[in-house]
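Counting convention: from 1, in listed order, for ligands and their atoms alike. Here the structure is a predicted model, which is why all the values come from computation and not from measurement.
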Amino acid sequence: MKMYLGGEWVDRDEKITVLNPYDGSVLDTVPSASIEDVDSAVASAERGASDMAKLTAYQRFEILHRTAEILSERREELGRTITMEEGKTITEGRTEVDRAVQTISLSGEEAKRLYGESIPFDAAPSWTGQMGFTLRVPCGVVAAISPFNFPLNLVCHKVGPALAAGNSVIIKPASDTPLSALALTEILLEAGAPPESVQCLTGSGGRVGDPLVADPRVRKVTFTGSRDIGERICRTAGLKKVTMELGSNSPLIVMPDADIEKVVAATITSGFGNAGQVCISAQRIITSDRIYGDYLDALKDGVEAINAGDPLDETVAMGPMVKTQEAVRVNAWLREAVGAGARMVTGGDYSGAMHAPTVIADVDPDMKVSCDELFGPAVAVTPFSDIDEAIATANDTNYGLSAGIFTQNVDWAMKFAQEVDSGNLHINSGPGWRADMMPYGGLKESGMGKEGPRYAVQEMTELKTVVIHL
Ligand code: NAP
């Protein structure tokens, strides 16, 4: 495919090859953008921003509404594209398209709800001759940098609110999975987005990232990806608005009164969906020592029943990781933990990008599989003896994106909600749960700012205060 730059589809001699992670076949190539391309994209996006600023809220709503309709019409084809470039199962691919439809529809609605408010100046002792109000205005040019793991919906979480708020947007998709973002660009244009309101720049983040993020004409950077790249972007961006949706090693606390069957089902959904490559995947299963053995026995059976294989096969429940290097890395971390005294309960092998669903027990919280972000199809189980220890273990991390607890005890549930440092907290669910309308974002090094269209549009605007001196 070509990339979309300066109002046209353009090609370059230097290419990035997009591979199917399941069988290593070549799916397509995309141009590898240069630093000069970044400059052209930003210049074009500035013109696009003034085109967007001329649209009414209703016109912006209409563009996004039509985009959602076309996404829905192209569900099957887009689902297959996601599956083939990312490796998630076809069921997960279709679900991602359905979620993208929601994300874009919700964003369109938000275009109509960009309210300001009146300011009661006479609430101060000496101000009696003023009236004032706030106005929400677009930031201008938004750079939207996205990760590989949800190549359509996470792009929509940036592009939808950016356009709803009246900005132009430069999409920089992950190099492993650029095809879904290019398809979305095509759909936005078909839906009536002004030709220069969207740019989709394919190219290595290592090359185009710094110049894009540092450019003073870019007024807002919205990034989803790893902690380290997020921190680098914050340093490079300088004085501009940033939203950071970063990584995690999400805990699931299993209290002694939990229904083991439900916890096992939640561990499988939350820990092995998308081969564990979800920012809120259940990674650390912190389990009461009173049910530790029973839970591990049941989990072993459940995980061994996961049908892993060709993600286009409708009966398959787990596909490959995004690339072989990732399976190699995950396996090395697991082996390192076993070498340090952890116990492999099941799994532990890989072939190419396919890593077996794995359970590792007796994990010390200092082991890398626990304290770092694993981002793969494995869960690390650690015992605890009381809720204070469970909460301390859950909080013993620099991350804080999502956490879950299973219990019927309302006191334990509320203690968990109040004391666990996490942006999202789930009672009687795994941490790997997100609805696209909810405010979503991390504490600590999991990021700053919120996504979810209602919250993201606020972050895609600047607030002006207007004072009338009577
Ligand atoms: P990544 O390696 O950080 O890459 C994310 C994006 O940043 C890619 O488009 C990448 O481009 C680009 N990039 C790389 N270097 C850059 C630079 N110097 N400047 C600007 N951009 C640069 O992350 P990933 O492996 O794709 O995704 C996995 C990570 O994302 C995990 O940590 C996961 O937890 C996190 N994530 C977080 C959320 C959330 O909502 N909190 C959701 C999903 C994923 P290239 O691909 O060309 O390198």
Ligand 1 N/O to protein N/O, distances under 3.5 Å:
{"from": "ligand 1", "atom 1": "3 (O)", "to": "S226", "atom 2": "N", "distance (Å)": "2.8"}
{"from": "ligand 1", "atom 1": "3 (O)", "to": "S226", "atom 2": "OG", "distance (Å)": "2.6"}
{"from": "ligand 1", "atom 1": "9 (O)", "to": "S146", "atom 2": "O", "distance (Å)": "2.7"}
{"from": "ligand 1", "atom 1": "9 (O)", "to": "K172", "atom 2": "NZ", "distance (Å)": "3.3"}
{"from": "ligand 1", "atom 1": "11 (O)", "to": "K172", "atom 2": "NZ", "distance (Å)": "2.8"}
{"from": "ligand 1", "atom 1": "18 (N)", "to": "R232", "atom 2": "NE", "distance (Å)": "3.3"}
{"from": "ligand 1", "atom 1": "26 (O)", "to": "F148", "atom 2": "N", "distance (Å)": "3.2"}
{"from": "ligand 1", "atom 1": "30 (O)", "to": "G225", "atom 2": "O", "distance (Å)": "3.4"}
{"from": "ligand 1", "atom 1": "32 (O)", "to": "E373", "atom 2": "OE1", "distance (Å)": "2.6"}
{"from": "ligand 1", "atom 1": "34 (O)", "to": "E373", "atom 2": "OE2", "distance (Å)": "2.5"}
{"from": "ligand 1", "atom 1": "41 (N)", "to": "L246", "atom 2": "N", "distance (Å)": "3.3"}
{"from": "ligand 1", "atom 1": "41 (N)", "to": "L246", "atom 2": "O", "distance (Å)": "2.8"}
{"from": "ligand 1", "atom 1": "46 (O)", "to": "S175", "atom 2": "N", "distance (Å)": "2.9"}
{"from": "ligand 1", "atom 1": "47 (O)", "to": "K172", "atom 2": "NZ", "distance (Å)": "3.0"}
{"from": "ligand 1", "atom 1": "47 (O)", "to": "S175", "atom 2": "OG", "distance (Å)": "2.5"}
{"from": "ligand 1", "atom 1": "47 (O)", "to": "G205", "atom 2": "N", "distance (Å)": "2.8"}

(request) Mind telling me whether F148 and F375 have parallel, tilted or perpendicular rings, with 30° and 60° as the class edges? (result) perpendicular
(message) According to ring pair (Phe, Tyr, Trp, His ring centres under 6.0 Å), who are the partners of Y4, at least two apart in sequence or on a separate chain?
(response) W9
(message) Considering only residues two or more places apart or on different chains, which pairs with a residue in residues 265-282 satisfy salt bridge (charged side-chain N to carboxylate O under 4.0 Å, His left out)?
(response) none
(request) Not counting sequence neighbours, which residues clear ring pair (Phe, Tyr, Trp, His ring centres under 6.0 Å) with H426? List them please. (result) W433
(request) Give a yes or no on whether a salt bridge exists between K368 and E336, defined as a side-chain N under 4.0 angstrom from a carboxylate O. (result) yes
(message) Given T397, which partner from the list N249, D421, D372 fulfils the side chain to side chain donor-acceptor pair (under 3.5 Å) test?
(response) N249
